[in-house]
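A quick write-up on the structure given underneath.
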Amino acid sequence: MIALPLVGIAIFLILWSMAADRIDTSLGKFPGPSNVATQMSTLYDEHVAERVKAEAFYERQEKRNAARLEKDPTYEAKVRNYTGKETFFDQIITSLITVMSGFLLAAIIAIPLGIAIGLNKTLNTAINPIIQIFKPVSPLAWLPLVTMVVSALYVSQDPIVPKSFVNSMITVSLCCLWPMVINTSVGVASIDSDLVNVSRVLRLPALKHVQKIVIPASIPMIFTGMRLSLSVAWMVLIAAEMLAQNPGLGKFVWDEFQNGSSDSLSRIMTAVIVIGFIGFLLDRAMLQLQRLASWDKASAQ
Amino acid sequence: MALAASTFTVTSTTAEELGYPEKEELKFGFIKLTDMAPIAVAYENGYFEDEGLYVTIEAQANWKVLLNGVIDGSLDGAHMLAGQPIAATMGFGTKAHIITPFSMDLNGNGITVSNEIWKQMKPNIPKMADGRPVHPIKADALKPVVDKYIADGKPFNMGMVFPVSTHNYELRYWLAAGGIHPGYYAPHKGDSSGTIDAEALLSVTPPPQMPATLEAGTIYGYCVGEPWNQQAVFKGIGVPVITDYEIWKNNPEKVFGITAEFAEKYPNTTVRLTRALIRAAMWLDENNNANRPEAVKILSQPNYVGADYDVIANSMTGTFEYEKGDKREVPDFNVFFRYNATYPFYSDAIWYLSQMRRWGQISEDKSDDWYIDMAKSVYRPDIYTTAAKSLIAEKLADAKDFPNFDTETGFKPPQKEFIDGVVYDGTKPNAYIDSFKIGLKTGDKL
């Protein structure tokens, strides 16, 4: 079973390196698999070097704080975060945190909304046009609006999280809301009528009905929606980061493109592979969750 | 490290006199250009930390994003186009009171044309004995090319980085000196495209994207800072025809901008960051540019400019490559400290204002006093002087490297070295504006 995918990958790598050799850009040859491998290790080395610098930074800071305390005993020594650059690996973490936060925020809104719409025909008719209109809007069209609104509303002397994070997160949420709402509502609306009847016979109160019947029955559809949403979220996030220069893998790609160094293309290619790989892992993780949570194994393949 | 450690003890002895910084954690923005060097050096050499400042440095997508960042406070300060604080204070574009206590460098820009345009220009340029073209190349050589495009009904598009950028004014200056009209702005009519009556149409492109835009054929030439002219040579897509040093010898370039509110609220921080920047500028020019190779190494890191070492080194170490292989000495291509490069002269600000009036960004006549008052509200030699004097007192700097603070008026003597021979006297802006052939003059209104 594992042999065929390996053959596929091997053929792809050969084709890629052959094609790469033939494409000349003004920044040198298109990067092949070997360039990507080299860059991967360079990026790791840079990460390690940056950590060493960070340590030295904290040491210097400690000394400085101590010296000032000696002169000025009333001073309350603070430890400031390292001010150096974010490495490739830091950017990956930033992107992952952002996408998960945006996704969770969307889920918190979308799943209850989906259940409500699925249960109530009237509500569905009222809200459906809005969903249909907003669903196809490109995430990046939201970005300028989100940026302006966040700038206007999120004002604080000492913000807990940076504005750029909030911007990325909300943009991601706005885009992964819709698949979850739709899938949840469809799942809820199409619950087996036998189950609904059982609930009626038992005279379950509304909340109990949702808790005992609706949610378990529509779990497979809810998770299908969540899986779809998460892949959308990951794609949207990278694009939003590129456009808005918010920290993360998207910013890494854009910065490298702007650098125009002879390594830039290899580093961008490395990022592309990593982005793809993470997207794949996220999808797998959701699938595992879906399998765990769902009694209907057939829908979780 | 040894250097940072030794200076640290010195600064702490006089820390009381200067006062501790009120705000210690700062975020500065920059655009990927070699002239952001003083900020990178102040960080890497520990000059900011010597002042008790913990600075994060962040590349910005373009000049507009950077300016907005400073205005809305998400950036505490930034590497700015000299025209930006002036225009913002005046209210052209975005309105906000921005000041500058520190001028970042002299020169450092170039004008590049695509290979195709260069081929058409070349026959119009006189040659030296060895067959290489005679520099400086005037826009006279471009004029027939532009005329041909106009006759064929095709727009002649060129790029610059921002409406109030040095590059916009330099490109316009060069074009106008060669008889090519670069077009007027008319902000009072809502026209901010700057193409009224234009023969060459100038549009905005962020610096790092210039080569890609030229390669795509959207523009035929551009004026930008380094390394984006040398990048065109390395990529083989264009030829720099002139440096700004040849348009106006030792012209003021970038400034460090902060809001007036920041300077008022955090006076000690302001003086301290100015001290760090002065030290960085001194280091960059020390011992006849001896530290430049090291500076290039810093700049070529991906979090700063990020272009290849060789590309950045070309202009930073005193040479400039025009056509591929035609490398010439331009020792003052980028000046960071000598010739009082860091002192914020009022006359520099007034020059920018004069060009804003010349091209219609200032739509009405203003009195000479207005120009001088405007310059004084933006350029702040007083802060610079405090910072420099404290460095001198601590023996971190030498008084002879600075202007004589007791007699300095902020006005450079009349400057003669422009490509068109017009003389600039900062004390008489209106007379200067009237002395150009192309451009708005006293009484003109669009």
Where do [X] and [Y] come nearest, in terms of heavy atoms and distance?
{"X": "Arg64(A)", "Y": "Asp50(B)", "answer": "NH2-OD1, 3.7 Å"}
{"X": "Pro302(B)", "Y": "Glu256(A)", "answer": "CB-OE2, 3.7 Å"}
{"X": "Gly306(B)", "Y": "Ser261(A)", "answer": "O-CB, 2.9 Å"}
{"X": "Tyr20(B)", "Y": "Asp72(A)", "answer": "CE1-OD2, 3.7 Å"}

Does atom [atom1] ([X]) have a neighbourhood of more than 12 heavy atoms from anything else shown, all under 6.0 Å?
{"X": "Lys135(A)", "atom1": "NZ", "value": "no"}
{"X": "Phe257(A)", "atom1": "CZ", "value": "no"}
{"X": "Phe134(A)", "atom1": "CZ", "value": "no"}
{"X": "Lys29(A)", "atom1": "NZ", "value": "yes"}
{"X": "Glu22(B)", "atom1": "CD", "value": "yes"}
{"X": "Lys119(B)", "atom1": "NZ", "value": "no"}
{"X": "Tyr75(A)", "atom1": "OH", "value": "yes"}

Query raised in the report: Between Gln231(B) (side chain) and Gly260(A) (backbone), is there a donor-acceptor pair under 3.5 Å?
Result: yes
Query - Under 3.5 Å: donor-acceptor pair, side chain of Tyr54(B), backbone of Val79(A) - result: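 No; zero donor-acceptor contacts below 3.5 Å.
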Roughly how far, to the nearest 0.5 Å, is the [atom2] atom of [Y] from the [atom1] atom of [X]?
{"X": "Ile31(B)", "Y": "Gln258(A)", "atom1": "CD1", "atom2": "CD", "result": "7.5 Å"}
{"X": "Asp308(B)", "Y": "Ser264(A)", "atom1": "CG", "atom2": "OG", "result": "7.5 Å"}
{"X": "Tyr82(A)", "Y": "Thr56(B)", "atom1": "OH", "atom2": "OG1", "result": "10.0 Å"}
{"X": "Gln61(A)", "Y": "Glu24(B)", "atom1": "CD", "atom2": "CD", "result": "9.0 Å"}
{"X": "Phe48(B)", "Y": "Thr83(A)", "atom1": "CZ", "atom2": "OG1", "result": "10.0 Å"}

Query - Among Glu86(A), Lys85(A), Arg267(A), residue most engaged with chain B (heavy-atom pairs, under 4.5 Å) - result: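 Heavy-atom pairs under 4.5 Å are most numerous for Lys85(A).
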Query raised in the report: Is a salt bridge present between Glu49(B) and Lys63(A), judged by a nitrogen-to-oxygen distance below 4.0 Å?
Result: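 No, Glu49(B) and Lys63(A) are not salt-bridged.
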Query raised in the report: With only heavy atoms counted, which part of Tyr43(B) is less than 4.5 Å from chain A, the side chain, the backbone, both or neither?
Result: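 Side chain only.
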Report task. With the side chain counted from C-beta on, respond yes when Gln301(B) and Glu46(A) share a heavy-atom pair under 4.5 Å apart, and no when they do not. Result ->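 Answer no - side chains too far apart.
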Query - Side chain proximity check, Asn81(A) to Glu25(B), heavy atoms < 4.5 angstrom - result: no
